[in-house]
Amino acid sequence: TEQGMVTAANVVLMGTSRRQFTLGVLTLMRAHRADAVLHLRRAIESCAFATRIRKHPHLSKLWLDSATGKTEYEKYREKVTKHLFPTDDPLLSELGRRYDHASKVMHSSIYGVAGHFSFPGGPEGMTLRFFDMPEDHSLITSLYDTFDTNKRILRAFGISLRPNVDSDQFDAWEVRLNSVEAKLDVHR
């Protein structure tokens, strides 16, 4: 059924998002902040696709069929990948802002390469770094932002998957998520 395809797409995209989040945290813990946002951006994108498919169930078939041929893939790109971050949805709008920031940092723009060099003594004293994490609180800040983004992703997937989960189980999951959110806010 169409609802079955929506659920399947959401479960697959949630798994993809989780994998990308995990890779991003591991990369961040290795002091490669710009590389970590590549994975965070992919996690956000998977969530946005899932939400778009949930809101427009007919897109689930386009998403599933996109691997069957060039025409199908182009149709999918035209219909599914547009309007991923609508401004009338506060959760997706905020994820869109974070997605745009990650896009800026992960490319070879000045934002993406800036962390790999510094000028401690002026231009003639330029220092190149293998890691892009400065020796300050940036790791903690970046880690918190990553966790906060993942919390928002989980909220969006919760909305998408709630109709398919027993209400008692969903309520227990939501209590745990609220608890984690409160702990993150205390640490922030």
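Treat the numbers as computed from the prediction; the structure is a model and nothing was measured. The figures that follow rest on heavy atoms only: side chains count, while hydrogens, waters and symmetry mates do not.
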I need the minimum non-hydrogen distance between Y76 and L62, along with the two atoms involved. CB-O, 3.8 Å
So, for K82 and E78, which heavy atoms are closest and what is the spacing to 0.1 Å? CD-O, 3.3 Å
When you check the gap from the basic side-chain N to the acidic O, do K70 and E74 get nearer than 4.0 Å? no
pair T16-F49: side-chain heavy atoms closer than 4.5 Å: no
Heavy atoms from other residues, nucleotides or ligands near CZ of R155 exceed 12 (cutoff 6.0 Å): yes
Inspect the surroundings of NE2 in H83 and state if more than 12 heavy atoms from other residues, nucleotides or ligands are less than 6.0 Å away. no
Got a salt bridge between R30 and D35, using NZ or NE/NH1/NH2 to carboxylate O under 4.0 Å? no
Are any of the side-chain nitrogens in K75 or E72 under 4.0 Å away from the carboxylate oxygens of its partner? no
Can you sort out the partners of S17 under side-chain contact (heavy atoms from CB on, under 4.5 Å), two or more places apart, ordered by chain and number? A43, S46, I153, F157
L95 and its side-chain contact (heavy atoms from CB on, under 4.5 Å) partner, picked from L84, T149, D100, T51: T149
Mind checking the CZ-CG spacing from F147 to L143? Nearest 0.5 Å is all I need. 4.0 Å
Who else is in V186's hydrophobic cluster (ILVMFWY, side-chain heavy atoms under 4.5 Å, direct or via others)? none
So, applying side-chain contact (heavy atoms from CB on, under 4.5 Å) with R98, which one of D148, L40, V37 is it? D148
Approximate separation, where rounding is to 0.5 Å, of L184 CG and K151 NZ: 6.5 Å
What heavy-atom pair brings T146 and F21 nearest, and what distance separates the two atoms? CG2-CE1, 3.6 Å
Contacts of D65 meeting side-chain contact (heavy atoms from CB on, under 4.5 Å) (sequence neighbours excluded), chain-then-number -> K61, T68
Quick check on the hydrophobic clustering: are L64 and L161 connected, directly or via other members, by side-chain heavy-atom contacts under 4.5 Å? yes
Donor-acceptor check, side chain of R52 to backbone of K79, threshold 3.5 angstrom: yes or no? yes
Give the C-alpha distance, both sets of side-chain angles, the deciding distance and a yes or no for side-chain contact (heavy atoms from CB on, under 4.5 Å) between W63 and T81. CA-CA 10 Å; W63 182 78; T81 64; over 6 Å; no
Could you list the residues that satisfy side-chain contact (heavy atoms from CB on, under 4.5 Å) with L23, not counting sequence neighbours? R19, Q20, H39
Indicate yes or no for a side-chain donor-acceptor contact from N10 to the backbone of V6 under 3.5 Å, with no hydrogens or angles considered. yes
Minimal non-hydrogen separation, F85 against A48, with atom names: CE2-CB, 3.6 Å
List, by chain and number, the other hydrophobic cluster members for V165, where Ile, Leu, Val, Met, Phe, Trp and Tyr join if side-chain heavy atoms come within less than 4.5 Å, directly or indirectly. L154, F170, W173, L177
Would you give the length of the straight line joining atom CZ of R54 to atom CG of L59, rounded to the nearest 0.5 angstrom? 12.5 Å
Specify whether H58 and H56 have parallel, tilted or perpendicular ring planes, treating 30° as the upper limit for parallel and 60° as the lower limit for perpendicular. perpendicular
Heavy-atom closest pair, residues D88 and P90: O-CD, 3.6 Å
How long is the gap from OG on S103 to CZ on R41, to the nearest 0.5 Å? 3.5 Å
Can you check whether N164 reaches V11 side chain to side chain, under 4.5 Å on heavy atoms? no
Among all residues two or more places apart in sequence or in another chain, which pass the side-chain contact (heavy atoms from CB on, under 4.5 Å) test with D89? K55, P86, L91, L92
Let me confirm one number: the CE-CG distance from M29 to L26, rounded to the nearest 0.5 Å. 9.0 Å
